[in-house]
Asker: 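To start, I am sharing the structure in question, which I have written as structure tokens.
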There are 2 protein chains.
Amino acid sequence: MPETQFTAAQLAVPPRTSSIRSPRPVVRSRIVGENHTLLYEGGRNRSLYRVVDGCVVLSQLLDDGRRQITDVLGPGRLFGFTVDGRNIATAETLSVARIEPLGDADLNADDPAIARELKATLHRMQAHATLLGRKTASEKVASALVELARLFNRAARNGAPARLSFHLHLTRADLADWLGLTVETVSRCLNRFKREGLIDFSHPKTMRVLDPERLDATAGFSRQRANDAARP
Amino acid sequence: MPETQFTAAQLAVPPRTSSIRSPRPVVRSRIVGENHTLLYEGGRNRSLYRVVDGCVVLSQLLDDGRRQITDVLGPGRLFGFTVDGRNIATAETLSVARIEPLGDADLNADDPAIARELKATLHRMQAHATLLGRKTASEKVASALVELARLFNRAARNGAPARLSFHLHLTRADLADWLGLTVETVSRCLNRFKREGLIDFSHPKTMRVLDPERLDATAGFSRQRANDAARP
DNA sequence: CGTCTACTTGACACGCATCAAAATTGGTGG
DNA sequence: CCACCAATTTTGATGCGTGTCAAGTAGACG
């Protein structure tokens, strides 16, 4: 996995003093890296971040290189939570991303906004566990598309009802590592969906949902939604 | 103290047959149910609980009955977190369990202990996502045994280094739903481990670890541990 | 225009699911 | 204590979905 390493200077953690609640003196949001910039590894980092723009993924590795992407974060989401002062996972950006440091992760423990974010994350993780453990390859890929369309749908700004076109920040390999599949299976599913008229893409990263209802159905979302709270 | 709102209607929908107790005007800690007592369903409940004794599992259902157990909770763990006032998952006890209501889930949002618990839960969920997405059946079952041995190891009380014998609160079906496998595969793995001298059991629920190191190795824990923080 | 990486597509293999049935365990009542 | 029935667990035979291996195509970038 080709990932540009952060230099020591780049990895330097932001000032410990800043807190989420107190207004920060300077705008610290910054543009990070090109594709696949490693932000920190498990256990190495102590700051909380917010994704301002772009896409960040959290992952874990097994001995032999097997990788699991445990979460995909779009604009607004927080990451960098620690347990016993150590980071839970490895974080890296996909494509160009802007992230905003929020200060020491441990100091914010009692912020209600943090608790809310944690619970929302937990919620997503549970839905994803169900996907990983109990869904077929087609359902997994369809679910991922629905999820990513919601995260990265452009045209959410202007009044127009948003043609469901979005930038797939993830590569096929990333998708595979997120969904517990292989690159080939992901590719086959996407192309089958394309043949069947569910989605379309000319460029492999520019997705467009043609038939949202059938895609939702393929994802097997109906009951899970009732089971869940409203998906945020 | 919020009284737990069990109605016959709510309790009448368990995913599997279970004898259900009528609710008692709750005080503090109490003994709940026999096997498989449904505590609440997704979206129905608003209280936080702590597991005092026994075992509680959280799960989600798909349309067609496929079930995923998203977390297995032993003594000390909290559950009942809400997102937008709705519960994240369905909770049920396995075997006899004592749980302790802690009050309205929303009111505790800024308690640092709650944040810590949430982060620990998140941590476990991420490790489990890696298991679900990237481990083989043998690795999954071995991991489960290691995890459950840690949770339910008896003899933790007396000074003795504890023969690794513990009560498997989960049925084979529960294990399967936790690990994303089928009953048959779980059973085959357990019996293979038994033949190979990794574990032993005469009664299907009474497990004993004979060779902790090899079991750990089979679970594929080495690197993941480096990746993780110390496992709590 | 050549090279590199990501993606696609095909042929094949294998791990785990599925189906079926026997063995064991648990619970209940005599 | 034993007889009986339901549920759980085990075991075997077979098949399918997805992984693996391999080759080919398309963009990106010099």
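Nothing here was measured: the structure is a model prediction, and the numbers come from that model. Here is how names work: the chains are called A, B, and so on, in the same order as the sequence lines, proteins then strands, and each is numbered from 1.
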Asker: Between B:Thr185 and C:dA17, is there a contact of a side-chain N or O with OP1 or OP2 at under 4.0 Å?
Answerer: yes

Asker: I need the minimum non-hydrogen distance between B:Leu181 and A:Arg134, along with the two atoms involved.
Answerer: O-NH2, 2.8 Å

Asker: Give the nucleotide from the list D:dA22, D:dT11, D:dT9 with an atom nearest to the side chain of B:Glu184.
Answerer: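 Nearest to the side chain of B:Glu184 among the choices is D:dT11.
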
Asker: Quick check for you: among D:dT10, C:dC16, D:dG19, whose closest atom lies nearest to any side-chain atom of A:Arg188?
Answerer: D:dG19

Asker: Can a side chain N or O of A:His203 be found less than 4.0 Å away from OP1 or OP2 on C:dA6?
Answerer: no

Asker: Whole angstroms only, please: what is the CZ-P distance between A:Phe201 and D:dA26?
Answerer: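 Checked: the CZ to P distance equals 14 Å.
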
Asker: Need to verify one output field. Residue with the more 5' nearest nucleotide on DNA chain C, A:Arg172 or B:Ser138?
Answerer: A:Arg172

Asker: Can you give me the closest heavy-atom contact between B:Leu175 and B:Ala144, atom names plus distance?
Answerer: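 That closest heavy-atom pairing would be CD2-CB, 4.3 Å.
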
Asker: Show, in sequence, the C-alpha distance, side-chain angles and deciding distance for A:Arg192 and A:Ser138, and conclude whether the side-chain contact (heavy atoms from CB on, under 4.5 Å) test is met.
Answerer: CA-CA 9 Å; A:Arg192 182 151 41 79; A:Ser138 297; 3.0 Å; yes

Asker: For B:Ser143 versus B:Glu139, what's the shortest heavy-atom pair and its separation?
Answerer: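 Scanning both residues, the minimum pair turns out to be OG-O, 2.6 Å.
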
Asker: Toward the 5' end of DNA chain C, which comes first, A:Arg134 or A:Thr171, by nearest nucleotide?
Answerer: A:Thr171

Asker: Does D:dT11 have its OP1 or OP2 closer than 4.0 Å to a side-chain nitrogen or oxygen of B:Asn191?
Answerer: yes

Asker: Scan B:Leu181 against the nucleic acid and name what it touches under 4.0 Å (heavy atoms): base, sugar-phosphate only, or nothing.
Answerer: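 Sugar-phosphate contact only - B:Leu181 comes under 4.0 Å of backbone atoms but never of a base.
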
Asker: Under 4.0 Å between a side-chain N or O of B:Ser187 and OP1 or OP2 of D:dT9?
Answerer: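 No, outside the criterion.
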
Asker: More 5' along DNA chain D: A:Thr182 or B:Pro204, using each one's nearest nucleotide?
Answerer: B:Pro204

Asker: Among D:dT18, C:dC7, C:dT9, find the nucleotide with the atom closest to the side chain of A:Ala137.
Answerer: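 Among D:dT18, C:dC7, C:dT9, the one nearest the side chain of A:Ala137 is D:dT18.
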
